[in-house]
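The structure under discussion appears below in the form of structure tokens.
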2 protein chains.
Amino acid sequence: MQRRGDDLRDRILSAAKDVFLAHGFDRASMDLIAEKADTTKRTLYAHFENKEKLFLAIIDYTRGLLAARLKFPADYGDDPDHALVLFCGRFLETMIWNRSIRMCRLTLAEAGRFPDGAALFHEAIFGTVQDRLATYLRERLAVPKSTATRAAVDLLGRILYPRFTRALFGAEPEVELRDDAAQPSEHVDLKPIRAAVAETLRAARAR
Amino acid sequence: MQRRGDDLRDRILSAAKDVFLAHGFDRASMDLIAEKADTTKRTLYAHFENKEKLFLAIIDYTRGLLAARLKFPADYGDDPDHALVLFCGRFLETMIWNRSIRMCRLTLAEAGRFPDGAALFHEAIFGTVQDRLATYLRERLAVPKSTATRAAVDLLGRILYPRFTRALFGAEPEVELRDDAAQPSEHVDLKPIRAAVAETLRAARAR
DNA sequence: ACCTAAGTATACCGTCAAGTATACTTTGGC
DNA sequence: GCCAAAGTATACTTGACGGTATACTTAGGT
């Protein structure tokens with residue numbers, strides 16, 4: 001019995017996440033979660049007061065995991081076009097990843113019961129990325145603040161939302177990704193992203 | 001007892017939709033649906049084999065209701081800029097309407113169990129609107145087909161997805177609409193739509 | 001060595017909801 | 001007017017699941 005405290009807590013979170021993603025909130029049973037976490041229901045309830053609290057903990061946990069994927073890595077280089085394309089490509093890829101899609105569906109499914117969960121999740125993902133993009137435009141390209149924000153929103157609208165929305169509704173093939181890997185994979189076509197980035201930069205610089 | 005056949009069937013569908021939207025698939029009880037439809041569970045099961053079939057019937061029913069809102073009315077006038085702005089504004093408004101949002105969340109919540117439901121729903125809404133936009137551009141403005149499609153996708157990306165996605169996650173205030181009314185209401189700001197339409201038209205004509 | 005906190009194993013309770021059964025009433029076509 | 005189809009009223013069966021209870025084991029600090 002080496003697995004105590006945080007270790008076990010993490011195993012529970014991970015197992016619970018799998019079960020919630022696979023079955024949805026209501027059909028996910030605490031019995032199954034305990035089984036997958038290789039522990040007992042009694043212990044589950046020692047760590048999490050009830051199913052609702054466990055669910056919220058999972059949203060938070062996932063938020064953290066996703067945020068870690070969405071940094072602006074230094075090794076994207078100094079060329080803004082190139083760096084922006086890589087960043088956007090990687091973000092798009094992360095968001096159409098089937099695990100992300102299922103997580104979004106889960107939070108959306110329960111948005112009525114847990115409005116804060118959905119809103120926080122959204123803000124943590126989309127808000128953060130939008131801010132990072134705007135900051136990059138402002139700092140590296142000396143674009144004025146309000147223009148930078150508008151440009152970031154616009155860029156995301158063109159690149160992300162169409163494919164993301166389609167993926168949400170299951171209208172795109174499922175995307176499986178590795179947990180590591182910092183470069184966009186073959187699941188995203190960089191060509192339209194390059195075009196959108198180029199156009200955004202041109203417009204932003206012109207003002 | 002004047003309400004037989006289709007009449008009753010419609011009452012059931014409407015009541016079931018309310019209950020599903022309010023509680024989600026699993027927490028919606030057939031007892032409550034029967035009560036709201038002012039009938040009995042036995043009759044419910046006479047019209048719909050089981051809960052799943054009822055759910056799918058509701059998706060289809062709603063699809064029809066939404067599609068009816070998304071026509072390109074003749075009274076939008078002959079000026080393409082103006083007509084496109086009205087059309088896009090009305091589509092945006094319809095999609096951030098809280099009933100639409102809840103319906104989308106519902107289909108997304110069950111996308112795992114009913115993949116066809118979600119995909120069909122998506123196609124019926126977004127696919128149809130995209131087609132109508134592209135057709136309009138092609139027919140009224142003589143834009144070549146592939147360009148028209150690209151322009152339509154782009155336009156929707158800029159106008160719709162950002163607000164729609166935010167609304168999905170509950171990051172925008174709820175929008176309540178009247179069932180009738182063919183003009184966009186005060187819930188959508190036409191200014192950014194005008195800009196996007198103008199830019200789209202300029203780009204489409206240039207090619 | 002021992003005591004306490006954490007975890008295990010397993011059974012149990014109460015509730016709720018899907019779907020069925022049974023006996024009855026209303027309706028409309030003939 | 002009658003009869004089959006549609007609908008009503010209500011009770012029942014069955015199973016699942018959230019959460020608790022009880023009795024036990026293990027680990028680790030002192």
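Chain identifiers are assigned alphabetically (A, B, ...) following the order of the sequence lines, protein sequences preceding nucleic acid strands; residue numbering begins at 1 within each chain. Since we're looking at a predicted model, the values are computed, not measured.
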Legend entry - Side-chain heavy-atom pair Lys71(B), Arg132(B) within 4.5 angstrom cut-off: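 Yes, their side chains come closer than 4.5 Å.
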Separation of [X] atom [atom1] from [N] atom [atom2], in whole Å?
X	N	atom1	atom2	answer
Lys53(A)	dG18(D)	NZ	P	16 Å
Asp7(A)	dA5(C)	CG	C1'	17 Å
Ile12(A)	dA6(C)	CD1	C1'	11 Å
Leu8(B)	dT27(C)	CG	P	14 Å

Inset, instruction - Give the C-alpha distance, both sets of side-chain angles, the deciding distance and a yes or no for salt bridge (charged side-chain N to carboxylate O under 4.0 Å, His left out) between Arg99(B) and Glu176(B). - result: CA-CA 8 Å; Arg99(B) 289 186 68 86; Glu176(B) 188 58 73; over 6 Å; no
Inset, instruction - Report yes if the distance between the aromatic ring centroids of Phe126(A) and Phe164(A) is under 6.0 Å, otherwise no. - result: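 They qualify: ring centres under 6.0 Å apart.
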Inset, instruction - Flag the pair Tyr76(A) / Phe87(A) as yes when their ring centroid distance falls below 6.0 Å, and as no otherwise. - result: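 No: the rings miss the under 6.0 Å criterion.
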Legend entry - Derivation of the side-chain contact (heavy atoms from CB on, under 4.5 Å) call for Arg113(A) and Phe25(A): CA-CA 11 Å; Arg113(A) 225 180 318 175; Phe25(A) 182 83; 3.2 Å; yes
Inset, instruction - Give the B/S/- string for nucleotides 12-22 of chain C, one per nucleotide from 5' to 3', where a protein heavy atom under 4.0 Å of the base yields B, of only the sugar-phosphate yields S, and otherwise -. - result: -----SBBBBB
Legend entry - Asp79(B) atom CG, neighbour heavy-atom count above 12 within 6.0 Å: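 For Asp79(B), atom CG is crowded (more than 12 foreign heavy atoms under 6.0 Å).
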Legend entry - His47(B) vs dA6(D): side-chain N/O to OP1/OP2 distance below 4.0 Å: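 Looking at the OP1 and OP2 atoms of dA6(D), neither is under 4.0 Å from any side-chain N or O of His47(B).
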